[in-house]
**Student:** 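If you scroll down you'll find the structure; I have some questions about it.
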Amino acid sequence: MSPRQAVHIKARRSAADVVFGLLAVLALAGLIGGVPYALVRYFGSPLPEGGFSLSMLTQDVGLSSVLDMLAVVVWLAWLQLVACVVVELIAGIRRAGVPARVPFASGPQALAHRLVTAALLLFAATAVIAPAVQALTAATPHQHTATAVVAQQAPEAEQVEQAREALAPVQKTKKVYVVQPPHGRHHESLWEIAEKCLGEGRRYKEIYQLNQHREQPDGSKLRMADLIRVGWVLDMPDDAINVHVVSQDQDRPETLHRHPDKPVELDGDTHYAQTDADDSPEVTKPAAKAGDVGGAGGSEAAPTHTPTVQQSPDAGEAETTAVVKAHQQDADSTASSDVVSGVVESWPDFLAAASLAAAGLLAVLGGRRRRQLWDRAFGSRLPNPEGEAAVAEMALLLGADPHGSRLLDVGLRHLSKELAKQGRTPPTVFAAFLASTHLDLWIHPPEKEAPAPWAALDGGRIWRLTANDGHRLPDLPDIFAPYPGLVSLGTSDAGRVLVDLEAAQGLINLRGRSHVVSAALAAMAVELATNRWSDHMRLVLVGFGEELSLIAPDRISVHPTLAEALPELEARAADVSRALQASGVGSVLTGRSRGVYGEAWMPVYLLTAVPPTEAEAARLAELAQTGTRLSSGYLVAGEEIRGASWTWELSPDGRARVGALGLDVHGQLLPQQQYAQVIELFRAAGQPGVAMEDPEPSGPAASQLHPGFRPSVDVRVLGSVEIVGPRPLEEERLPLCMELVAYIATHPGGVHPQVLAGALWPRGVEAPVRDATIARTREWLGIDSEGRSNLFADDQGRLHLGPEVRVDWLVFRELVRLSRSDPATEAARLGQALDLVRGPFLHGHPAGRYLWLAGDELVYEVSARVSDAARRLSQLLLAAGDPARAMTAAQAGLRMSDEDEPLWRELLRAAHATGDVDTLRHWVESLRRWAATSRYQGRLVPETEALIQELLPAPARAAG
């Protein structure tokens, strides 16, 4: 059977869009190409034959001269129109938001905008023709079934209309949107607000026109479409969703006071409207956005009063009744609310927002789990995090910024290396700014010469490295980190602000309410203990953080009081002073860049939640000013710490201000509850393995092993996620529907819609959106050869995949089970099973999706069962005298998990059995290269090293 791949098509447009798009293309072609052709044809070249000269100004002006001047004017107007078209094309293709303005071209640019918009819509409109073209081709029975299900989209227009009716404004009310503070590096724009509330970014002009020159709560006015401020209250068109509905006569300051936050947010990507009951008791809560199915950016509309799954024409009434019954149960459980809660009662927003700390925590956690693999026994799996620990990992996965973390690490080490080559001392960096596009270092005093690819800006006060240049730089693990004291202070409107603890050259006084100060100290401690750019340093914590030894015991020491911590700090300061005098190097920072210093020079950072006594404060101040320049940092909580160089103020609402540096940002915090979730996550990573039970027989998977079986849909999860066989689906809707299918496929016992909602939308989702997504997925998968739906609900309301939906993981598990029942066919069955493995489980899924994997034991079970099958087959083949196939079996297991060193050892044994020393040396070298570049561990376990020494003779190792 030839493989059938899902075809990605764009969102559907009406026939009118196609017509207008064609006319727009013709008009653009006429204006861009036709005008210059006509000018050249009838008026000739705009340049005179003899060129320009002063004599032209004294010649008689005749009819030909007037015509020539008019032609020149037309040429200039044409060039201006071309510039407008180019600007609008760039903005439309890139979805850049507000297009750039062409000078003196408001009229031509408006015309170009309309033509370009209609032309761009044409390319999406071609999706209307695709189903008709498919119907004309020679169709297989499956294709015929997929075509039949297309007819089920007819009720969608009615659903959209019902949703629009639910969003219609009531009398004496208006719709407003409050511009929100930035989230991480993201800040809002009119374009994004139009996309979120009006369904189309190009409608930003409507919002601009409604609010232009109207006074905002802060006294300013909207004058430019691309300049909006946090806290502004924007009037919205009548069809807007995800907004507040307030009284018509309510002024903007009052609206901001009553609605400082955004409307109710139920998942990471989908927003819902919240009404003001005090101002408009008649207003009901609107339905989900027509054209939105949550995180995948797809579109779906569903009426609030009929949350039922659509059925195909051939589906039985029993299934419909079961699904409606399940939805009724959902409605009862939500107590008259349309909101389906996810698995998270209190989502750890602060943890998700700490993007650099999240990246560091995930890296350390990955290393911890890799070490767990060393001790995993055959037939067991790694323990999965549960409850709050799983929630913490979801938040980390959602918020982590590994690219920004690497940009900081590699960019700073490269800077140190290049300055050392030039014999220059690295500048003092008092703060850094990390955005998605660049990294800025704020230095003092200014230096105008920055080594490439860094560039000096603002008279040398800022050194900038673009993200494109930084990501092309290689890792430099052998170069010491020049600024290990950089730690996140918080976020501004455009990015993340970091401050160097060493640059204060004195005490840093941290002030604020105790719970806010504790949350700030916890966030900084976690980031310093786990980040990539703070190597070879010691973190001394006083009065908190004892649990952090679970995360980074080699970096952290914890003391209950400053009296116990001061001797360690004073001893380290004395060591650094002696090392400086012995080396002759002027400063620690210079030594770092040249790589000539020892362990005694490594920085020490003190974070204390215990205010010092006067005597302790004096000792700390003396430590900070002993001449050990740029080698330590002291962050001390308390009021009015005498001798402090900097003062960090933390407001009750979490803002962080450093007056000496002119910084005022949203502080990075890690409250106690979310701090405890992180600790619990690492405790789970230290538990012993869990024994796996023998797989249960699978009736559908067993029947699918028959040679004549032809699946209606093929779901592949042992590698990248692939779903082969369904009819085409719009590209923007595909990720969410694929995740839904993958979740049900890997939970063959059935999934209740509420459980499914908790997995796909851990922060919650409205019932109509959930039901509409299920309905669309059901329609996408179609029906099988016997007319049964490939996605159905049982009598309990649980969702299942049909008997003709083949899932490679379930087939793998059934083959492994059958291999144990008959020794004669064991090797053949295991070989069939391993042939299904293409890569890591659910590899390459979109960022921000599949968060349910964090708390699901399945990901650990799949890896363990594949590894066990590969090890068992390799041993069988090696015993049978077939080392080449034994190597192939081990490699199949490594496709699933290349960090499983027991599999590497099986591969080395098989390579040794071939008798070819070159083959064995090749795999030993490959293993060492893999270990050196591993994200989590740069060395092999002792058992693997011992095996290499045993199998590979010393002369051969030396030759290699």
Side-chain angles (χ1 to χ4, degrees), residues 366-367 369-380 474-478 718-719 816 819 823-840 843 863-960:
R369 286 175 176 161
R370 185 191 169 211
R371 288 192 289 273
Q372 280 183 297
L373 284 175
W374 300 353
D375 302 323
R376 187 186 74 85
F378 192 93
S380 66
D475 288 338
L476 299 172
D478 297 330
L718 298 179
V816 171
S819 71
T825 61
E826 182 179 10
R829 295 288 192 185
L830 290 175
Q832 285 180 278
L834 291 171
D835 286 342
L836 299 172
V837 179
R838 297 170 293 109
H843 180 64
S863 177
R865 291 197 186 277
V866 170
S867 174
D868 288 351
R871 290 169 64 183
R872 175 60 178 165
L873 179 57
S874 181
Q875 292 167 2
L876 288 174
L877 294 173
L878 199 58
D882 194 346
R885 290 180 59 200
M887 291 172 57
T888 301
Q891 291 172 29
L894 290 171
R895 286 198 297 267
M896 173 62 66
S897 176
D898 61 358
E899 297 164 2
D900 196 332
E901 285 196 35
L903 274 175
W904 278 102
R905 291 195 289 270
E906 294 296 339
L907 178 61
L908 296 182
R909 292 188 183 97
H912 177 262
T914 63
D916 187 343
V917 176
D918 290 337
T919 298
L920 178 57
R921 185 187 300 113
H922 164 76
W923 286 114
V924 169
E925 293 172 354
S926 298
L927 176 56
R928 293 199 182 281
R929 282 195 302 270
W930 165 82
T933 58
S934 172
R935 295 174 296 168
Y936 307 129
Q937 191 73 28
R939 61 186 177 86
L940 300 176
V941 300
E943 187 176 352
T944 304
E945 290 284 6
L947 180 65
I948 292 174
Q949 295 179 13
E950 175 188 345
L951 299 180
L952 195 62
R957 289 201 305 273

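The first residue in the sequence is number 1, and the count goes up from there. It should be emphasised that the depicted structure is a prediction, and the values quoted were computed from it without experimental measurement.
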**Student:** With the threshold set at 4.0 Å, does a side-chain nitrogen-carboxylate oxygen contact exist between E925 and R928?
**Tutor:** no
**Student:** Mark yes when over 12 heavy atoms from residues, nucleotides or ligands other than H843 sit less than 6.0 Å from its NE2; otherwise mark no.
**Tutor:** no
**Student:** I'd like to check D898 versus W930 (side-chain heavy atoms, cut-off strictly below 4.5 Å). Are they in contact?
**Tutor:** yes
**Student:** What's the separation between atom OG in S863 and atom CG in D900, rounded to the nearest 0.5 Å?
**Tutor:** 6.5 Å
**Student:** Check S380 against A377 and note the closest heavy-atom contact, atom names and distance.
**Tutor:** OG-O, 2.6 Å
**Student:** Work out which heavy atom in A892 is nearest to a heavy atom in V837; give both atom names and the distance.
**Tutor:** O-CG1, 3.8 Å
**Student:** Looking only at heavy atoms, what is the nearest atom pair of A870 and A889, with distance?
**Tutor:** CB-O, 3.4 Å
**Student:** If you compare all heavy atoms of S819 against all heavy atoms of R829, which two are closest, and at what distance to 0.1 Å?
**Tutor:** CB-CB, 3.6 Å
**Student:** Should the heavy atoms of other residues, nucleotides or ligands under 6.0 Å from CD of E945 be counted, would the total exceed 12?
**Tutor:** yes
**Student:** So, taking the atom named CZ in R909 and the one named CD in Q875, what distance separates them when rounded to the nearest 0.5 Å?
**Tutor:** 8.0 Å
**Student:** If you measure from the Lys or Arg side-chain nitrogens to the Asp or Glu carboxylate oxygens, is any gap between D868 and R865 under 4.0 Å?
**Tutor:** no
**Student:** S867 and R376: side chain to side chain donor-acceptor pair (under 3.5 Å), yes or no, with the steps?
**Tutor:** CA-CA 11 Å; S867 174; R376 187 186 74 85; 3.2 Å; yes
**Student:** A869 and L830: which non-hydrogen atoms are nearest, and at how many Å?
**Tutor:** CB-CD2, 4.0 Å
**Student:** Measure the CD1-CH2 distance between I948 and W923 for me, rounded to the nearest 0.5 Å.
**Tutor:** 13.5 Å
**Student:** Checking T919 against D916: is there a side-chain donor and acceptor pair closer than 3.5 Å?
**Tutor:** yes
**Student:** Rounded to the nearest 0.5 Å, how far does OG1 of T888 lie from CG of L877?
**Tutor:** 8.5 Å
**Student:** Does a side-chain N-to-carboxylate-O contact under 4.0 Å join R872 and E826?
**Tutor:** yes
**Student:** Roughly how far, to the nearest 0.5 Å, is the CG atom of L878 from the CZ atom of R885?
**Tutor:** 12.5 Å
**Student:** Show your working on side-chain contact (heavy atoms from CB on, under 4.5 Å) between L903 and R871 and close with a plain yes or no.
**Tutor:** CA-CA 6 Å; L903 274 175; R871 290 169 64 183; 3.5 Å; yes
**Student:** Distance check, rounded to the nearest 0.5 Å: L834 atom CG versus S874 atom OG?
**Tutor:** 10.0 Å
